[in-house]
*Asks:* 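Quick one: the structure is below, questions incoming.
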Amino acid sequence: VGCTLFALQTTDKQIDRFKVIDGIIICKANEVGQVITVFESVLSDRDKVGIDVNDIKRSCGAEKPAKFIQARATSIPDSEQVKSAVNHLLNQIPEGLSTQYMMLDIESDHKLSLDEFFSITTVVENRIADDSEVFYGNRMIDKPDYCWMGAIYVAD
């Protein structure tokens with residue numbers, strides 16, 4: 001139905017000549033590059049936010065596939081782009097699910113202010129379980145009037 005399973009390998013285990021896959025992420029075929037970008041962005045800030053590979057492995061295990069979602073905000077006032085994108089992104093998570101883990105990448109045409117970043121974290125933390133882990137990545141790109149967010153999440 002147009003879905004792709006993106007394999008996640010966090011160990012060097014092998015069975016015969018086959019590498020062991022620790023988890024999967026469900027995404028569309030044209031979203032694989034964006035899934036990789038989310039990982040690269042969030043993991044590049046690893047010295048700022050400690051991410052344990054074992055957390056990824058536990059949270060994205062084969063029994064609970066992770067899902068990829070994305071949202072873009074353009075052609076609205078800069079002050080509303082971040083709020084619009086994060087709300088549109090989180091509204092894609094079905095009601096009643098308890099989000100356990102999330103990697104959120106933010107791509108915008110400007111460096112996010114502390115107020116903008118705080119508004120994102122407040123909205124996210126109000127929508128996820130209390131004991132959830134959220135890791136953020138943030139990149140500035142040269143596209144005027146642009147804000148994009150991509151997230152990989154695991155939910156029950």
Side-chain angles (χ1 to χ4, degrees), residues 3-10 22-61 64-143 145-156:
C3 278
T4 297
L5 300 179
F6 181 81
L8 178 64
Q9 182 182 4
T10 60
D22 299 302
I24 55 173
I25 299 168
I26 299 172
C27 63
K28 295 177 182 160
N30 62 350
E31 295 174 333
V32 171
Q34 292 161 316
V35 169
I36 293 169
T37 300
V38 170
F39 269 98
E40 288 173 343
S41 176
V42 173
L43 294 176
S44 72
D45 286 342
R46 207 159 90 174
D47 58 331
K48 298 174 195 158
V49 179
I51 297 177
D52 184 351
V53 172
N54 290 318
D55 290 337
I56 297 170
K57 187 166 58 174
R58 277 192 302 273
S59 297
C60 297
K64 287 188 199 175
K67 296 203 173 147
F68 175 72
I69 53 176
Q70 62 180 322
R72 179 175 296 134
T74 58
S75 304
I76 58 175
D78 285 348
S79 61
E80 296 297 315
Q81 281 184 346
V82 169
K83 290 178 189 173
S84 175
V86 74
N87 283 314
H88 182 64
L89 182 82
L90 295 176
N91 286 337
Q92 295 175 54
I93 299 173
E95 292 284 327
L97 289 183
S98 176
T99 303
Q100 303 298 312
Y101 177 87
M102 181 180 285
M103 294 175 76
L104 175 65
D105 183 28
I106 306 152
E107 185 177 82
S108 68
D109 62 353
H110 64 281
K111 184 175 170 113
L112 294 181
S113 69
L114 287 176
D115 286 340
E116 288 175 310
F117 192 74
F118 181 72
S119 71
I120 292 169
T121 60
T122 301
V123 170
V124 169
E125 290 172 10
N126 285 333
R127 291 280 310 270
I128 61 174
D130 288 338
D131 59 345
S132 297
E133 290 188 80
V134 181
F135 301 101
Y136 298 91
N138 184 12
R139 295 174 288 122
M140 190 172 80
I141 62 162
D142 189 21
K143 282 187 185 178
D145 190 34
Y146 182 81
C147 181
W148 174 87
M149 293 183 193
I152 298 166
Y153 74 94
V154 176
D156 289 332

*Asks:* Could you label the plane-to-plane angle of the Tyr136 and Phe117 rings as parallel, tilted or perpendicular, counting under 30° as parallel and over 60° as perpendicular?
*Replies:* perpendicular

*Asks:* Looking at CG of Leu90 and CD1 of Ile128, how far apart are the two atoms once the value is rounded to the nearest 0.5 Å?
*Replies:*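 It comes to 9.0 Å.
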
*Asks:* Treating Thr122 as the side-chain partner and Ser119 as the backbone partner, does any N or O pair qualify as donor plus acceptor under 3.5 Å?
*Replies:* no

*Asks:* Return the NE2 to CZ distance between His88 and Arg72, rounded to the nearest 0.5 Å.
*Replies:* 10.0 Å

*Asks:* Are Arg127 and Asn91 close enough, and set up right, to give a side chain to side chain donor-acceptor pair (under 3.5 Å), and what steps lead you there?
*Replies:* CA-CA 9 Å; Arg127 291 280 310 270; Asn91 286 337; 3.3 Å; yes

*Asks:* Assess whether side chain to side chain donor-acceptor pair (under 3.5 Å) is satisfied between Gln81 and Asp145, documenting all intermediate values.
*Replies:* CA-CA 9 Å; Gln81 281 184 346; Asp145 190 34; 2.6 Å; yes

*Asks:* As an exercise, state the distance from CZ of Arg139 to CD of Glu107, rounded to the nearest 0.5 Å.
*Replies:* 4.0 Å

*Asks:* Is any side-chain heavy atom of Leu112 less than 4.5 Å from a side-chain heavy atom of Ile120?
*Replies:* yes

*Asks:* Between Val124, Val154, Ile152, which is the residue that forms a side-chain contact (heavy atoms from CB on, under 4.5 Å) with Met102?
*Replies:* Val124

*Asks:* Within this structure, what is the NE2-SG distance for the pair His110 and Cys147, rounded to the nearest 0.5 Å?
*Replies:* 7.0 Å

*Asks:* Taking all non-hydrogen atoms of both residues into account, name the closest pair between Ala151 and Leu89 and its distance.
*Replies:* CB-CD2, 3.9 Å

*Asks:* Walk me through whether Leu104 and Tyr153 qualify under side chain to side chain contact (heavy atoms under 4.5 Å, CB included).
*Replies:* CA-CA 8 Å; Leu104 175 65; Tyr153 74 94; over 6 Å; no

*Asks:* Which heavy-atom pair separates Thr99 from Ala155 by the least distance, and what is that distance?
*Replies:* CA-CB, 3.9 Å

*Asks:* Going through the distances and angles, do Met149 and Val82 end up as a side chain to side chain contact (heavy atoms under 4.5 Å, CB included)?
*Replies:* CA-CA 9 Å; Met149 293 183 193; Val82 169; 4.0 Å; yes

*Asks:* Rounded to the nearest 0.5 Å, how far apart are CZ of Phe68 and CD of Gln92?
*Replies:* 9.0 Å

*Asks:* Can you tell me how far the CG atom of Asp109 sits from the CG atom of Asp142, to the nearest 0.5 Å?
*Replies:*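 Taking CG in Asp109 and CG in Asp142, the distance rounds to 9.0 Å.
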
